[in-house]
Amino acid sequence: MIGMEEKLREDIRNAFGQICLDNERKMLGQRNLLSKAQGRQKTEKTWMAAGIIVAAAVFLVVNGILIGINLTHVGNVPVTESEHHTQPSETEALTKYLMSELLNGVESFLIEYDGQQFKEGGASEEIKEFSGQIVITNLAGDLSGDSILKITINYGNPDECVVEIFNNQTVSLNGIRYKAYISEKAYTMLWDYRRKYFEEGQPNQIMALVEQISSEEDLNRLSANPFIYVEKFSEGFYVVSACYDNGVLCTLKGNVATEIRYRYYKTENEPVTEYSMNLDAQNERNGIFGACYMDGDWFEVAKLENQEGYRIKCITSMERSNYAQDVAEREIETFLRLNTQYFIRLTDNIICIEDFKEDSGEKKDSASYCSLHGWDEQCTKDMKVRDIYVAQNWIGKNVNDFAALESFFDETASVWFEDGNLFQTEESERNAYQINTSFSTLRFEVSTEAHDNEIISVTLYGDHNYVTEDVWLGMNMEDVKKIMNIDDSAFFEKDGTLFSFFEKDGYLYEFSYRSMPGENYWLYLSCISNAAKIKDSTVKSFGEQMEEGRNIFAQ
Amino acid sequence: MGTFLYSYYKGKRYKKRGGGEMDEKQISEIYERNADRVYRLCFSYLKNPDDAFDAMQNTFYQMLRKDVVFENPEHEKAWLIVTASNVCKNVLSHWWRKRVSIEERDSLKEEGKDGGRQEDRELLMVVLKLPVKYRISIYLHYYEGYTSVEIGKMLGKSDATIRGWLKKGRELLGKEIG
């Protein structure tokens, strides 16, 4: 055994030894690091002077936001900032790119180099030269309006704030990747500006904008404001939320907030109708980064301090309204927008995928799961983890929704055929697409018709341990039979396995049971969209061994 | 200027980063000692040379920015591993990471193609396809030589969990490589 372990260690060491940092990159990394260190020293030595400059700059741009973007080349042909000076063609291409993409929608801009104003102009102008630092200035005069550059700034890191440009994409140019950072100076200026703006009573200006909403146009304009979170749902339904840290307005993302305020609007008619006023929700000092409204309830999503996981908490329970129906289909998208691919919503439940781990030793029932993650009683009541395994919940759903579970299964013991991609099975025309994955001893399979995304069948395979203790939360064969209303007389036996086919609520089910040594048994439950569909199918759906069962069912 | 804290390691003075005075020689030495290690770990997480390089740089930038005092080489190594892990987790948490699978696969094929044995490359491909928790625990245990207790401390997990991950990782590896 020890020998095998040593062999494995040696093999793995050799394997990981393949990952090498090439000399070019290594040198580049060192240069960048030392450059960074020098920059910090310089900054510290001139801290006071910089403070004065910053204060002056803040004063000058009191009606705008200065955002500095320090572009660092991180791509295939590494170039340091200083090397940008020696590559004019690349620089020119980059500036063109910036003009066409990055500055799109910005009314005017200002470029600085080494603290000196370098270029100021309008969006239509072409920048011929460019060096390490660019400062984009919004001179619109307030925080509203289309001229705000749509970027997200991580306020948490003073000198290395990644500016996420256009849907978080890294800037890519001619196959060379750049990553944009906000400069320390610009960060300081932004913070000073923000502090001045929000701590001296000016949040009222923003809230005044909210108060003045009278049209859909107002709402759309407000959505450009980085401090107001505007969620647009279907049918003209808007949710406006703002995050506060001890009374000071802050962004929803990456900040600690003590309160979130919400309003929602229906814009079918002018003026818009406001349906709710300031739903205040105190919360713990966690890193809240989003809120979501679903089916009449508000949920806040928070990143727990010093933990990997996220917490989702139902913060209010509102009576379901007609308007809630309007937003019902947007919930997954909403969560995705909140950068929480770990969450999905299934029927009436929210499932946190990330923290649902098979080897935690935790029992995976709803109550213990919620208790583990500190979710409140309301959510506990609403959430049933097992619903993820209830076959009929998936029938009729888009197969891509199931695919959204990838990270869940990937985090467990997944086996995705074809790297998780849908694949076409040659032997089956009906089950043209299948996702077949495993969760420990449970296997979970969904199928769709060819060239269609609608899930028409779901099959669960499980053995005693998981079926009884975890997955179906105490359901054993008798429970299944009872719930599914399976008549004992409907069973037939073949090679030691009991089969039954039955219809329930318009679904066709196949259920099989096989005793295993000891108290164990093995269950198979397949749910097909409807009996008519399967009867009309020209293709064998259950395999040869099930043929006899189907014949019995057909009779 | 701020007050500096000092620590001593192999006769060299390490200053707390509060004043930004860790000299270039010391920074270079730390970089030289750990660049490959950090890059390798980042690659194990991100499976992409560009992202791994970014993450490696960010890790060292964090070192500059934080008021960290390395007490000894082990502390230095462990701190960088933990920081790199956190940096990589942040990267992985971005939704657009979901969209890079094709690029990732190509990167995997490229890595190590210029040298090394075919079987090593194949094993690397298999390991890197494991879910992240398994491949990182395997990397830290088998490559870096950490025990499950040490890995647990680094990753904020119990040693039982790490042992479970290692066991599962070995099983999955076994299935793949026979």
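All values below come from the heavy atoms of this structure, side chains included, with hydrogens, waters and symmetry mates left out. Residue numbers start from 1 in every chain, and the chains themselves are labelled A, B, ... in the order their sequence lines are given, proteins ahead of strands.
The CG atom of A:Leu33 lies 5.5 Å from the CE atom of B:Met63; values are rounded to the nearest 0.5 Å. Distance CG/B:Leu124 to CD1/A:Ile12: 10.5 Å, rounded to 0.5 Å. To the nearest 0.5 Å, atoms CG (B:Leu41) and CD1 (A:Ile19) are separated by 9.5 Å. To the nearest 0.5 angstrom, B:Gln57 atom CD is 11.5 Å from A:Gln30 atom CD. With rounding to the nearest 0.5 Å, the separation of CZ in A:Phe16 from CZ in B:Arg37 is 14.0 Å.
Considering only residues two or more places apart in sequence or on other chains, B:Glu32 meets the side chain to side chain donor-acceptor pair (under 3.5 Å) condition with none of them. Among residues two or more places apart in sequence or in another chain, the side chain to side chain donor-acceptor pair (under 3.5 Å) test is passed with B:Lys167 by B:Glu171.
Considering B:Tyr31, B:Phe53, B:Tyr39 in turn, B:Tyr31 is the only one that fulfils the side chain to side chain contact (heavy atoms under 4.5 Å, CB included) rule with A:Lys26.
Highest contact tally toward chain A, considering only B:Ser44, B:Ser28, B:Ala35, is held by B:Ser28 [criterion: heavy-atom pairs under 4.5 Å].
B:Tyr142 and A:Arg9 get closest at one heavy-atom pair: O-CG, 3.5 Å.
Few gaps surround NZ on B:Lys77; more than 12 heavy atoms of other groups in view lie less than 6.0 Å from it.
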